[in-house]
Amino acid sequence: MSLARRSFLLSSLALAVGLTGCGFHLRGRVTLPIETMFVNLPVNNQMAAEIRRMLKGGTNITLVDTAEEADAILELVSSGRNREVVSLNMRGEAREYELTLQLTFRLINQDGAEFLPPTTFTGSRDMTYNEEDYLSRDAEEAMLYREIQQDLITQLLNRLATIKPISDEY
């Protein structure tokens, strides 16, 4: 066996052992302590569609069409966007912006008991502004807000994975 082949096999073995030893594994489906969920967001909303898609594909949840059929109801309590000037050029014009998106969700049952109290997820991105690229600024801003929204939805799903069943005992 050649030296190059032997070193390749040893490095591959070391990588495989290293990845299994650190606890790395592909993320599978998340099992939540509820079976049915109603997403109380507009049907034609892009964010709501993404939340529904990720819930269907990554959890054991069955989405239902009405709150009466659901074990849990996911509600958007509030949302907000902000664009703040971070730096100025020598003429006092905006050179860089910070885009911020804030979403607050809660998860309740039909009686109003909370699986997840109102929880706020916040994300931001920096956007440089160039006067020469004026026409593409709006498209870039929209793309960055979509990226932030995707990150916040992922955070929401990770938080949903930690919910505990509501117990009637105190």
Side-chain angles (χ1 to χ4, degrees), residues 23-88 94-129 133-170:
F24 172 80
H25 59 88
L26 293 174
R27 184 177 179 146
R29 291 177 58 88
V30 175
T31 303
L32 300 177
I34 51 180
E35 294 178 12
T36 59
M37 181 184 291
F38 174 67
V39 178
N40 192 11
L41 294 168
V43 176
N44 59 352
N45 181 295
Q46 189 265 338
M47 178 180 58
E50 185 65 20
I51 290 172
R52 287 182 181 96
R53 184 187 68 77
M54 291 182 82
L55 282 169
K56 285 179 185 177
T59 68
N60 62 313
I61 296 288
T62 301
L63 296 179
V64 294
D65 295 330
T66 64
E68 292 77 27
E69 302 173 75
D71 296 332
I73 302 163
L74 180 66
E75 296 179 335
L76 177 65
V77 176
S78 66
S79 67
R81 286 183 173 195
N82 188 27
R83 182 176 63 180
E84 188 173 316
V85 176
V86 176
S87 64
L88 303 172
R95 178 88 174 134
E96 186 175 4
Y97 292 102
E98 180 181 47
L99 307 176
T100 305
L101 181 61
Q102 184 175 2
L103 302 172
T104 303
F105 291 96
R106 74 180 187 152
L107 185 67
I108 59 172
N109 67 9
Q110 289 181 355
D111 300 327
E114 294 178 332
F115 285 103
L116 179 68
T119 304
T120 301
F121 301 95
T122 304
S124 64
R125 297 281 191 283
D126 290 334
M127 180 180 85
T128 57
Y129 177 70
D133 296 331
Y134 178 77
L135 295 176
S136 66
R137 181 186 72 170
D138 291 340
E140 180 183 5
E141 186 174 336
M143 181 193 69
L144 289 172
Y145 274 123
R146 279 192 305 274
E147 286 179 9
I148 299 169
Q149 179 178 290
Q150 183 65 40
D151 288 347
L152 298 184
I153 291 170
T154 301
Q155 289 179 30
L156 169 66
L157 293 180
N158 289 338
R159 184 66 56 92
L160 289 177
T162 67
I163 65 171
K164 304 283 187 245
I166 298 173
S167 69
D168 295 330
E169 302 171 11
Y170 289 100

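The first residue in the sequence is number 1, and the count goes up from there. Please read all numbers here as calculations on a predicted model, not as lab measurements.
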Can you pull out every side chain to side chain donor-acceptor pair (under 3.5 Å) where at least one residue sits in residues 104-114? Sequence neighbours excluded, please. Glu75-Arg106, Ser78-Thr104, Thr104-Thr120
[X] to [Y] - nearest heavy-atom pair and separation:
X: Leu107; Y: Ala72; answer: CD1-CB, 3.7 Å
X: Asp65; Y: Glu69; answer: N-OE2, 3.8 Å
X: Leu41; Y: Ala48; answer: CB-CB, 3.5 Å

For the [atom1] atom of [X] and the [atom2] atom of [Y], what is their distance to the nearest 0.5 Å?
X: Met47; Y: Leu152; atom1: CE; atom2: CG; value: 9.0 Å
X: Phe115; Y: Ile73; atom1: CZ; atom2: CD1; value: 9.5 Å
X: Arg81; Y: Thr100; atom1: CZ; atom2: OG1; value: 11.5 Å
X: Ile148; Y: Gln102; atom1: CD1; atom2: CD; value: 12.0 Å
X: Leu160; Y: Met37; atom1: CG; atom2: CE; value: 5.5 Å
X: Glu68; Y: Thr36; atom1: CD; atom2: OG1; value: 11.5 Å

Crowding at CZ, Arg95 (>12 non-hydrogen neighbours, <6.0 Å): no
In this structure, are over 12 heavy atoms from other groups packed under 6.0 Å from Glu35 atom CD? no
Side chain to side chain donor-acceptor pair (under 3.5 Å) against Arg83, all qualifying residues, sequence neighbours excluded: Glu141
Which residues pass the side-chain contact (heavy atoms from CB on, under 4.5 Å) test with [X], sequence neighbours left out?
X: Val86; value: Glu96, Glu98
X: Arg159; value: Leu116, Thr119, Phe121, Thr162
X: Glu50; value: Arg53, Met54, Gln150, Ile153

Under 4.5 Å between any side-chain heavy atoms of Leu76 and Asn40, yes or no?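 In short, these two side chains do not touch, never coming nearer than 4.5 Å.
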Within the 4.5 Å heavy-atom criterion, are Leu103 and Leu156 side-chain neighbours or not? no
Please enumerate all residues that pass salt bridge (charged side-chain N to carboxylate O under 4.0 Å, His left out) together with Asp126, with sequence neighbours excluded. none
Evaluate the criterion side chain to side chain contact (heavy atoms under 4.5 Å, CB included) for residue pair Phe38 and Leu74; output intermediate values, then yes/no. CA-CA 6 Å; Phe38 174 67; Leu74 180 66; over 6 Å; no
Side-chain donor/acceptor of Arg52 to backbone N/O of Val39, under 3.5 Å: yes
Go through Ile51 and Phe105 one step at a time and tell me if the side chain to side chain contact (heavy atoms under 4.5 Å, CB included) criterion holds. CA-CA 12 Å; Ile51 290 172; Phe105 291 96; 3.8 Å; yes
